[in-house]
Number of protein chains: 2
Amino acid sequence: MEKPLSPRSAAKRAAMLDAAQRCFLESGYASTSVDEVATRAGVSKATIYAHFASKDDLFGAIICRRCDDQAEGLSSLTLPDSSEARTILTAVAQRLMALFLAPEVMGIYRIVIAEAPRHPELAKTWYEAGPLRGKQRLCEVFDDMKRRGMLDFVDTRRAVDAFISMLRGECFHRVMIDLPPNPHFTVEATIETAVDFALKAFAPSQG
Amino acid sequence: MEKPLSPRSAAKRAAMLDAAQRCFLESGYASTSVDEVATRAGVSKATIYAHFASKDDLFGAIICRRCDDQAEGLSSLTLPDSSEARTILTAVAQRLMALFLAPEVMGIYRIVIAEAPRHPELAKTWYEAGPLRGKQRLCEVFDDMKRRGMLDFVDTRRAVDAFISMLRGECFHRVMIDLPPNPHFTVEATIETAVDFALKAFAPSQG
DNA sequence: CACAAACTAAACTAACCAGTTTAGTTTGTG
DNA sequence: CACAAACTAAACTGGTTAGTTTAGTTTGTG
């Protein structure tokens with residue numbers, strides 16, 4: 001199923017995808033012109049249309065590449081082997097926050113939200129490869145902590161969802177809509193608050 | 001400072017804003033043409049440019065009108081006068097979820113996120129008139145509950161932020177990116193989970 | 001009814017864009 | 001060196017767009 005792409009072609013293809021991603025994240029889907037992508041990629045427009053059927057197809061290829069990257073990054077995610085719930089939750093929260101706030105991830109997120117009404121299949125692909133897999137992975141971690149008596153909750157998926165959601169608070173929101181950071185809602189404070197609340201809400205009953 | 005707009009003009013203006021909002025929410029900012037707004041508003045293009053300096057200005061007017069509406073809606077928000085923390089939190093959560101998921105609110109939210117990099121002033125205006133005011137209002141509610149011994153927390157703003165964020169979980173997310181609803185994450189389940197966790201995390205110490 | 005403000009349709013400018021085509025050049029391979 | 005695949009610049013098609021202008025019409029008000 002894989003095409004045996006010549007190294008020259010593969011390099012051009014990567015240059016096109018890089019340029020296109022930068023353009024789309026900067027200007028949005030509709031305002032990005034294929035001519036500009038070609039110029040920024042150092043490639044002729046005809047070459048773009050030799051690799052991609054349409055502007056839409058090029059857009060799709062970017063989302064898919066991002067998904068592949070995400071899937072790889074997730075599987076190589078390691079956590080400290082601690083018996084302290086706080087230690088593990090904090091490590092998880094730090095990794096998630098770093099991921100959420102990475103400019104590239106944030107840019108893709110913004111554009112997926114913006115284009116979801118016009119490109120629902122892409123939104124679905126992105127969601128399943130990214131957020132959904134991340135939550136599944138976190139469910140395993142939470143289940144493991146429950147088994148070890150470190151946490152307690154009724155429904156794993158809802159607990160994980162609540163924990164992740166607390167990380168996407170004011171701090172995240174401000175970055176997302178390009179507002180200056182609020183010193184009361186730093187990354188560190190967000191992590192600490194979320195972990196504190198989770199430890200209380202998921203505290204195993206004594207006995 | 002207010003213009004004494006003739007009733008005829010005011011009606012036309014409202015029609016233009018309504019049509020523009022529908023267009024922008026449907027197609028996004030860049031893909032909406034002023035000609036189409038004019039047609040949908042039943043107005044000539046020249047009239048649009050007599051009322052608004054540019055397409056950008058028209059866009060700004062929509063966000064501002066939305067902000068005014070939101071500010072009005074917030075001040076008239078009433079809560080049950082209960083002594084049960086669960087009752088009050090559930091009522092708050094229900095009102096917030098209904099607000100978040102309302103198609104118009106969701107549409108504006110999507111477009112503000114999408115256009116934030118290109119229209120940071122508008123994002124700021126929207127944020128301060130909407131989410132920020134809402135959080136301030138909720139801070140008062142939380143402080144009041146703390147005073148009455150119904151809840152306990154160290155930092156009001158962080159507690160409120162965490163509570164609101166839990167409402168913006170998988171259910172909200174799916175609506176935002178046009179994915180079919182997940183029966184495990186209904187609106188009711190989201191509210192119940194958030195309230196349950198908040199009650200545990202903010203439980204006043206016995207004594 | 002007269003007058004001015006607000007409106008209308010329609011044409012126009014000057015630019016932009018997705019996608020194709022053409023004719024010629026570079027590049028790896030046998 | 002010969003050949004085919006991949007590439008290039010540039011022109012071109014058919015269409016769209018923001019914003020302006022023009023000449024004429026509707027509308028409320030004195």
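Protein chains get the first letters and strands the later ones, always in sequence-line order, with residue 1 at the start of each.
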Taking the minimum atom-to-atom distance to the side chain of [X], which one of [options] wins?
X       : options               : answer
B/Asp35 : D/dA6, C/dT8, D/dA18  : D/dA18
A/Ser9  : C/dC7, D/dG19, D/dC7  : D/dC7
A/Thr47 : C/dC7, C/dG19, D/dC7  : D/dC7
B/Lys45 : D/dA6, C/dC7, D/dG19  : D/dG19
B/Val43 : C/dT8, D/dG19, C/dA6  : C/dT8
B/His51 : C/dA18, C/dC7, D/dA18 : C/dC7

### Message
Just to be sure I follow the notation: if a pair is Watson-Crick (purine N1 to pyrimidine N3 plus N6-O4 or O6-N4) or a G-U wobble (N1-O2 and O6-N3), each under 3.5 Å, what dot-bracket string does DNA chain C give, with | for pairs to another strand?
### Response
||||||||||||||||||||||||||||||
### Query
Nearest nucleotide by nearest heavy atom, which residue falls closer to the 5' end of DNA chain C, A/Ser31 or B/Ala50?
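Whichever sits nearer the 5' end wins; that is B/Ala50.
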### Query
For B/Ser44 and A/Ala46, take the nucleotide of DNA chain C holding the closest heavy atom to each; which residue's nucleotide lies nearer the 5' end?
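That would be B/Ser44.
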Which whole-number value in Å describes the distance from [X] [atom1] to [N] [atom2]?
X       : N      : atom1 : atom2 : value
A/Arg13 : D/dC7  : CZ    : P     : 11 Å
A/Tyr29 : C/dC17 : OH    : C1'   : 12 Å
B/Met16 : C/dT8  : CE    : P     : 8 Å
A/Phe52 : C/dA18 : CZ    : P     : 15 Å
B/Ile48 : C/dA9  : CD1   : P     : 12 Å

Below 30° counts as parallel, above 60° as perpendicular, anything between as tilted: where do the rings of [X] and [Y] land?
X        : Y        : value
B/Tyr127 : A/His173 : tilted
A/Phe142 : A/Phe163 : tilted
B/Trp126 : B/Tyr109 : tilted

### Query
Can you find a side-chain donor-acceptor pair between A/Thr190 and A/Thr193 that sits under 3.5 Å?
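On atom types as modelled, these side chains do not qualify, holding no pair under 3.5 Å.
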### Task
Scan side-chain atoms only and decide if B/Asp155 and A/His184 contain a donor-acceptor pair under the 3.5 Å cut-off.
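A pair is found: one side chain offers a donor N or O, the other an acceptor, under 3.5 Å apart.
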### Task
Just call it for A/Ser33: base, sugar-phosphate, or nothing, with non-hydrogen atoms closer than 4.0 Å on any strand.
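Sugar-phosphate, backbone atoms only, no base.
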### Message
In the structure I gave you, are the side-chain heavy atoms of B/Glu188 and B/Glu192 within less than 4.5 Å of one another anywhere?
### Response
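No, too far: nothing below the 4.5 Å cut-off.
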### Message
Whether B/Lys12 contacts D/dT27 is assessed here as follows: a side-chain N or O lying under 4.0 Å from the phosphate OP1 or OP2. Is that the case?
### Response
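No, outside the criterion.
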### More than 12 heavy atoms from other groups under 6.0 Å of NZ on B/Lys124
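For B/Lys124, atom NZ is not crowded (no more than 12 foreign heavy atoms under 6.0 Å).
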